[in-house]
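Read the numbers this way: they start at 1 and go in the same order the structure lists the ligands and their atoms.
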Amino acid sequence: MSEPLHLVLVGGGHAMLPSLAHAREWTDAGINVTLIDPQRWLYYSGMVPEHLGGVYAVDDIRIDLRRMARKAGATHVAARATALDPETRVVTTGEGKTIPYDVLAIDVGGVNPALPDAAVGTKPIHRVRALRPHLNQVLDAPTETLGLTIVGGGAAGVEVGLNITGRFVGARRAADLSLTVVEQSGKILPGFPEGMRAYASRLLRERGAAIRTATTVDAVHGTDADGTQVDMRTDTGEHDTVHPDAVLWSTGAVAPPLLRESGLSTDDRGFLHVTRRLRTPTHPRIFAAGDCGTIPELDLDKVGVHAVKQGPDLRANLDTTLRRLAEDGSAPVASDLTAFRPYPVAPLLLSTGARRAIWTAGPLWTARSGFLRLKHWIDRRWIQRYAPEQWGAVGWRSLMGAEAASNPDVTE
Ligand SMILES: Cc1cc2nc3c(=O)[nH]c(=O)nc-3n(C[C@H](O)[C@H](O)[C@H](O)COP(=O)(O)OP(=O)(O)OC[C@H]3O[C@@H](n4cnc5c(N)ncnc54)[C@H](O)[C@@H]3O)c2cc1C
């Protein structure tokens, strides 16, 4: 009798969830499935800003990867993959364990470039939670204050800033928060519509936040006396040092070194080349999806919208590959696999820490309470799919009731 096939999933990110949810069918068919991820929980990035804003409790926004694996009859190896060998078909973990595979799917996301030890990272997303105790400690104690520097004024940094300022305003503690957004380029939200940028800037400033554009953070040091020291410099060469209590590092993603070190083809940032079939061009048994993959002809932004949309295609292509290998030992040709079709323009919904969300797609944008309801409905429905104990039944009717629980006192 031949050995059972072994499917190894490296990284249980947003794009991997449909495969993990489907894995029971593979294990029932006698295929061994292993998930390698050091984290037990995947935090849904769309809900993290509102978690920091006090809208959602931690259990509302996370998915238990270990439990999903167990339910599927798969093995969860709680370790970091440190090496991928595409020739011998082996994954090595940080503990030195070697795990052979027949088919490999990679969804390890990106990492923050140059993340200083003294800063809280945003990639992988679970790191952001380290900020929450700072917020709770201050909000629970009327005499405490919080100094927070957010490095990076892109969509993630701004959405987090809006939610945290909204929460302090809602708690009538705006004076106890000193929040600064530092952005390297000349404007926050680079690449987004001008009006949306002006709207978000106005909200932040009205709530007491400072925005420093054309400013680069050179170093962040942890200090015993002052919490954290942030050294920055403006484009005109002026240097400044601030001492916030916490620093959130929300700069764009770079690739984990593991990908380039595997010898597989990568782009110049180190993200894995994949075709529209989410398969590496050279190794037909290796797939990648989400932020860690790059489809050269599409050159997509590293956002969860694409990762989530790729999830079902990844699952379908793994399924086809496993079936073909079981049938005749060969990998399927490209035309037998599902091609990923991205949104023509990726839509984005950003919560504002008040009763509205900003909707944007390409040059268009608007901010409406209806979009916050829509965002809550979409987010809850998504979580509920993988954590059915959460949110009960999120049917279309709940769209009407899924209004902002957050900060009703915050005006816009
Ligand atoms: C605050 C914030 C808000 C955001 N909001 C939005 C939004 O509203 N909409 C949107 O489209 N995008 C949003 N994003 C971007 C979004 O988070 C990412 O694009 C998305 O998480 C990418 O998903 P992924 O599947 O590539 O991997 P991820 O979801 O990042 O998951 C990667 C997984 O791989 C694991 N892993 C990492 N390294 C290894 C390793 N070596 N071995 C094994 N496992 C490993 C990690 O533990 C993690 O579980 C936001 C980002 C931030 C920071």
Side-chain angles (χ1 to χ4, degrees), residues 8-20 34-53 61-63 65-66 68 76-84 91-95 99 104-112 120-129 131 150 152 154-164 248-253 255-259 261-262 271-272 278 288-294 300-311 314 342-343 346-351 357-361 375 378-379 382:
V8 174
L9 313 174
V10 177
H14 291 62
M16 196 63 93
L17 294 179
S19 299
L20 206 48
T34 300
L35 169 71
I36 305 174
D37 194 313
Q39 300 299 321
R40 172 177 174 185
W41 304 99
L42 177 72
Y43 293 85
Y44 178 38
S45 63
M47 288 169 128
V48 164
E50 286 187 283
H51 169 57
L52 297 175
I61 66 158
R62 65 184 184 179
I63 290 157
L65 297 173
R66 189 170 76 190
M68 278 185 83
H76 175 211
V77 175
R80 176 168 297 282
T82 50
L84 311 171
V91 179
T92 306
T93 69
E95 289 80 37
I99 303 174
L104 178 67
I106 308 166
D107 179 22
V108 291
V111 292
N112 292 117
V120 173
T122 49
K123 286 171 192 291
I125 190 80
H126 68 87
R127 290 173 185 267
V128 188
R129 284 207 61 238
L131 213 54
I150 298 179
V158 167
E159 192 182 8
V160 168
L162 286 169
N163 277 278
I164 292 177
L248 182 72
W249 199 259
S250 183
T251 59
L258 164 83
L259 305 176
E261 288 164 8
S262 70
F271 293 109
L272 273 187
L278 308 175
D291 284 359
C292 72
T294 286
L300 302 170
D301 289 337
K302 302 290 179 198
V303 289
V305 173
H306 296 309
V308 166
K309 195 159 191 306
Q310 286 176 354
L314 177 66
Y343 297 104
L348 205 58
L349 281 165
L350 303 181
S351 50
I358 299 171
W359 170 89
T360 182
K375 175 170 173 53
I378 292 170
D379 289 348
W382 193 81

In this structure, atom 31 (O) of ligand 1 is nearest to the protein heavy atom Gly13 CA, 3.1 Å

Any heavy-atom pair between the side chains of Leu350 and Leu162 that's under 4.5 Å? no

For the student: nearest non-hydrogen atoms of Ala361 and Pro347, plus distance: CB-CA, 4.2 Å

Where is the tightest heavy-atom contact between Cys292 and Gly109, given as atom of each residue plus distance? CB-O, 3.5 Å

Ligand 1 atoms nearer than 4.0 angstrom to some heavy atom of Ile36 are 43 (C), 44 (N)

Check whether any N or O atom of Leu348, backbone or side chain, sits under 3.5 Å from an N or O atom of ligand 1, and answer yes or no. no

Which of the numbered atoms in ligand 1 are under 4.0 angstrom from any heavy atom belonging to Ala307? 23 (O), 25 (O)

Look at atom 44 (N) of ligand 1 and find which of Gly12, Ala81, Pro38 reaches it with the closest heavy atom. Pro38

Search all heavy atoms of Leu258 against all heavy atoms of Ala83 and return the closest pair with its distance. CD1-N, 3.4 Å

Please identify which atoms of ligand 1 are closer than 4.0 Å to at least one heavy atom of Gly290. 26 (O)

What about Val305: any of its N or O atoms under 3.5 Å from an N or O on ligand 1? yes

Ligand 1 N/O within reach of His14 N/O, cut-off under 3.5 Å: yes

Taking 4.0 angstrom as the limit and counting only heavy atoms of Asp107, give me the atoms of ligand 1 inside it, by number and element. 24 (P), 25 (O), 26 (O), 27 (O), 32 (C), 33 (C), 34 (O)

Under 4.0 Å from a heavy atom of Asp37: give me the atoms of ligand 1 that qualify, with their elements. 33 (C), 34 (O), 35 (C), 43 (C), 44 (N), 46 (C), 47 (O), 48 (C), 49 (O)

How about Asp291 and Asp107: do any of their side-chain heavy atoms sit closer than 4.5 Å? no

Lys123 to ligand 1: N or O pair under 3.5 Å? no

Identify the two heavy atoms, one from Val308 and one from Trp382, that lie closest to each other, and give their separation to 0.1 Å. CG1-NE1, 3.5 Å

Return yes or no for this condition: an N or O of Glu159 is under 3.5 Å from an N or O of ligand 1. no

So Arg62 and Tyr44, do their side chains get closer than 4.5 Å, heavy atoms only? no

Who's the nearest protein heavy-atom neighbour of atom 39 (C) of ligand 1, and how far? Val108 CG1, 3.6 Å

Give the residue and atom name of whichever protein heavy atom lies nearest to atom 13 (C) of ligand 1, and the separation in Å to one decimal. Ser45 OG, 3.7 Å

Does Leu17 form a side-chain contact (heavy atoms from CB on, under 4.5 Å) with Leu65? I'd like the steps, not just the answer. CA-CA 9 Å; Leu17 294 179; Leu65 297 173; 3.8 Å; yes

Hey, does Ser351 have a side-chain heavy atom less than 4.5 Å from the side chain of Lys375? yes

Would you mind checking which non-hydrogen protein atom is closest to atom 10 (C) of ligand 1, with the distance to 0.1 Å? Gly304 N, 3.3 Å

Relative to the heavy atoms of Ala15, which atoms of ligand 1 are at a distance of less than 4.0 Å? 25 (O)

Which of these, Thr93, Thr122, Ile125, has its nearest heavy atom closest to atom 52 (C) of ligand 1? Ile125

Thr294-Lys302 side chain donor-acceptor pair, cut-off 3.5 Å: yes

Geometry only, no angles: is Lys375 polar-contacting ligand 1 at N/O separations under 3.5 Å? no

Counting heavy atoms only, which part of Lys302 comes closer than 4.0 Å to ligand 1: side chain, backbone, both or neither? backbone

Applying side-chain contact (heavy atoms from CB on, under 4.5 Å) to Asp37 and Val108, what does each step give before you reach the verdict? CA-CA 8 Å; Asp37 194 313; Val108 291; over 6 Å; no

Where ligand 1 meets Arg80 - atom numbers and elements under 4.0 angstrom, heavy-atom basis: 38 (N), 39 (C), 40 (C), 41 (N), 42 (N)

Are the side chains of His126 and Trp41 in touch, meaning some heavy atoms are under 4.5 Å apart? no

Applying a 4.0 Å heavy-atom criterion (strictly less than), which segment of Leu42 is in contact with ligand 1: side chain, backbone, both, or neither? side chain

With side-chain contact (heavy atoms from CB on, under 4.5 Å) as the test, would you mind laying out the steps for Tyr343 and Val305 before giving the verdict? CA-CA 9 Å; Tyr343 297 104; Val305 173; 3.2 Å; yes

